[in-house]
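Report on the structure given below.
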Amino acid sequence: MKDGFAQDLARMAQVLHDQPDVEQTAERFLEFVLTALATNHASVVLTQRAGRLEPAVSTDALVEEADRLQVELGEGPAYDAVQEERSVLSGNAAADERWPRWSAEMTEVALRSVLSVRLRTPTRTVGVLNLFDPATDRFGESDDVTAQMYADHAAVAVANARSESSLWEAIDSRRLVGQAQGILMERFGLTDEQAFAVLRRYSQDNNVRLREVAERLIRTRKLS
């Protein structure tokens with residue numbers, strides 16, 4: 001039994017390493033976890049700056065709604081898992097007094113049990129695995145132990161995929177901004193510093209991301 005469990009974790013780590021992006025890494029992770037815990041409803045949410053959470057993948061519309069409500073209300077088991085740095089278990093999400101607003105909304109969502117487990121690296125929490133079930137009191141301590149072992153093996157793969165995605169996005173943004181600078185330099189005889197200043201000022205004045213300003217200029221050949 002232990003050998004089979006270890007082999008499953010090793011196989012999961014290899015599969016996750018081969019995925020091209022964060023979303024597919026998380027999706028394959030969920031496949032392994034759902035099989036191991038014999039449940040059908042789960043999600044992965046990622047940590048963002050300022051304590052925010054962002055849904056990454058989910059198994060179905062019910063889970064999407066449960067996670068949307070957590071993000072919208074800023075409370076729920078996933079938030080507690082990150083803030084308290086431990087797994088959070090609830091036998092009835094619709095009646096749990098720890099999250100009054102979220103629980104009130106969950107009365108309309110046909111999910112009751114929830115287990116939120118951190119995706120943790122040695123230095124930080126990169127996300128949360130949320131397990132749901134329509135039945136009350138579905139999950140227990142043994143499920144937490146199993147889920148955490150899978151989450152620990154997946155956390156590094158998720159963190160690496162996320163870092164790589166961020167790197168390529170940053171590289172692509174710099175490329176787009178460079179193209180936009182070139183258009184302004186050619187059209188108005190500006191230096192590269194002056195062209196960048198124009199893009200940055202437009203971005204700030206109109207509260208639009210610099211990348212979006214550059215994309216608009218490249219596409220339309222004008223800023224507005």
Side-chain angles (χ1 to χ4, degrees), residues 2 5-6 8-13 15-16 19 22-48 51-60 62-71 73-94 96 98-99 102-103 106 109 111-162:
K2 290 183 178 179
F5 185 60
D8 195 44
L9 289 175
R11 186 163 66 90
M12 182 188 72
V15 169
L16 299 189
Q19 300 310 304
V22 177
E23 182 175 329
Q24 292 186 57
T25 300
E27 286 178 349
R28 296 306 304 273
F29 166 54
L30 286 186
E31 292 175 8
F32 281 91
V33 172
L34 293 175
T35 299
L37 294 175
T39 188
N40 299 313
H41 306 279
S43 69
V44 171
V45 296
L46 301 176
T47 55
Q48 301 291 334
R52 291 181 58 254
L53 295 177
E54 178 184 345
V57 296
S58 60
T59 54
D60 54 80
L62 290 176
V63 175
E64 284 185 9
E65 179 65 5
D67 285 344
R68 183 192 68 79
L69 290 169
Q70 288 198 78
V71 172
L73 298 171
E75 69 174 34
Y79 277 96
D80 280 12
V82 174
Q83 294 166 2
E84 299 176 13
E85 298 186 343
R86 62 176 180 84
S87 297
V88 176
L89 178 66
S90 177
N92 188 354
D96 201 312
R98 287 175 290 182
W99 318 293
W102 186 69
S103 293
M106 285 296 290
V109 182
L111 297 171
R112 291 297 171 260
S113 296
V114 57
L115 172 61
S116 294
V117 177
R118 287 187 300 147
L119 292 167
R120 60 191 184 188
T121 70
T123 57
R124 61 192 175 106
T125 299
V126 298
V128 178
L129 164 67
N130 294 309
L131 299 169
F132 294 92
D133 197 272
T136 58
D137 300 314
R138 165 63 175 79
F139 304 113
E141 291 185 8
S142 62
D143 298 305
D144 179 18
V145 171
T146 300
Q148 189 65 73
M149 292 186 70
Y150 277 89
D152 286 346
H153 278 72
V156 173
V158 171
N160 288 342
R162 192 176 184 186

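Here the structure is a predicted model, which is why all the values come from computation and not from measurement.
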Pairwise distance [atom1]([X]) to [atom2]([Y]) - rounded to 0.5 angstrom:
X	Y	atom1	atom2	answer
Trp102	Asp67	CH2	CG	8.5 Å
Leu69	Glu64	CG	CD	11.5 Å
Gln70	Met106	CD	CE	8.0 Å
Leu129	Phe29	CG	CZ	4.5 Å
Phe132	Ser90	CZ	OG	10.0 Å
Leu111	Arg138	CG	CZ	12.5 Å

Run through Asn130, Val88, Leu89, Asp133 and flag the one making a side chain to side chain contact (heavy atoms under 4.5 Å, CB included) with Leu115.
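With Leu115 as partner, Asn130, Val88, Leu89, Asp133 yield a single side chain to side chain contact (heavy atoms under 4.5 Å, CB included), made by Leu89.
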Would you name the heavy atoms of [X] and [Y] that are closest together and state the gap between them?
X	Y	result
Ser103	Ala93	OG-O, 2.8 Å
Val33	Tyr150	CG2-CB, 3.9 Å
Val128	Ala78	CG2-O, 3.8 Å
Ala42	Val63	O-CG1, 3.5 Å
Ala155	Leu119	CB-C, 3.7 Å

Taking [X] for the side chain and [Y] for the main chain, is one N or O donor matched with an acceptor at less than 3.5 Å?
X	Y	answer
Trp99	Gly74	no
Thr39	Leu34	no
Thr47	Val126	yes
Thr125	Val82	no
Ser113	Ala135	yes
Arg112	Val109	yes

Between Asn40 and Thr59, does a side chain to side chain contact (heavy atoms under 4.5 Å, CB included) hold up when you go through it step by step?
CA-CA 7 Å; Asn40 299 313; Thr59 54; over 6 Å; no
How about Glu141: does its CD atom have over 12 heavy atoms from other parts shown lying under 6.0 Å from it?
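Open.
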What residues, two or more places apart in sequence or in another chain, satisfy side-chain contact (heavy atoms from CB on, under 4.5 Å) together with Arg120?
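Arg120: side-chain contact (heavy atoms from CB on, under 4.5 Å) contacts with Arg118, Gln148, Asp152.
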Min side-chain heavy-atom separation [X]-[Y] under 4.5 Å:
X	Y	result
Pro55	Val71	yes
Val44	Val158	no
Gln19	Val15	yes

Start with the C-alpha gap between Arg11 and Asp8, add the side-chain angles, then the distance that decides, and say whether side chain to side chain contact (heavy atoms under 4.5 Å, CB included) holds.
CA-CA 5 Å; Arg11 186 163 66 90; Asp8 195 44; 3.4 Å; yes
Would you please test Leu46 and Val22 for side chain to side chain contact (heavy atoms under 4.5 Å, CB included) and show each step?
CA-CA 10 Å; Leu46 301 176; Val22 177; 3.8 Å; yes
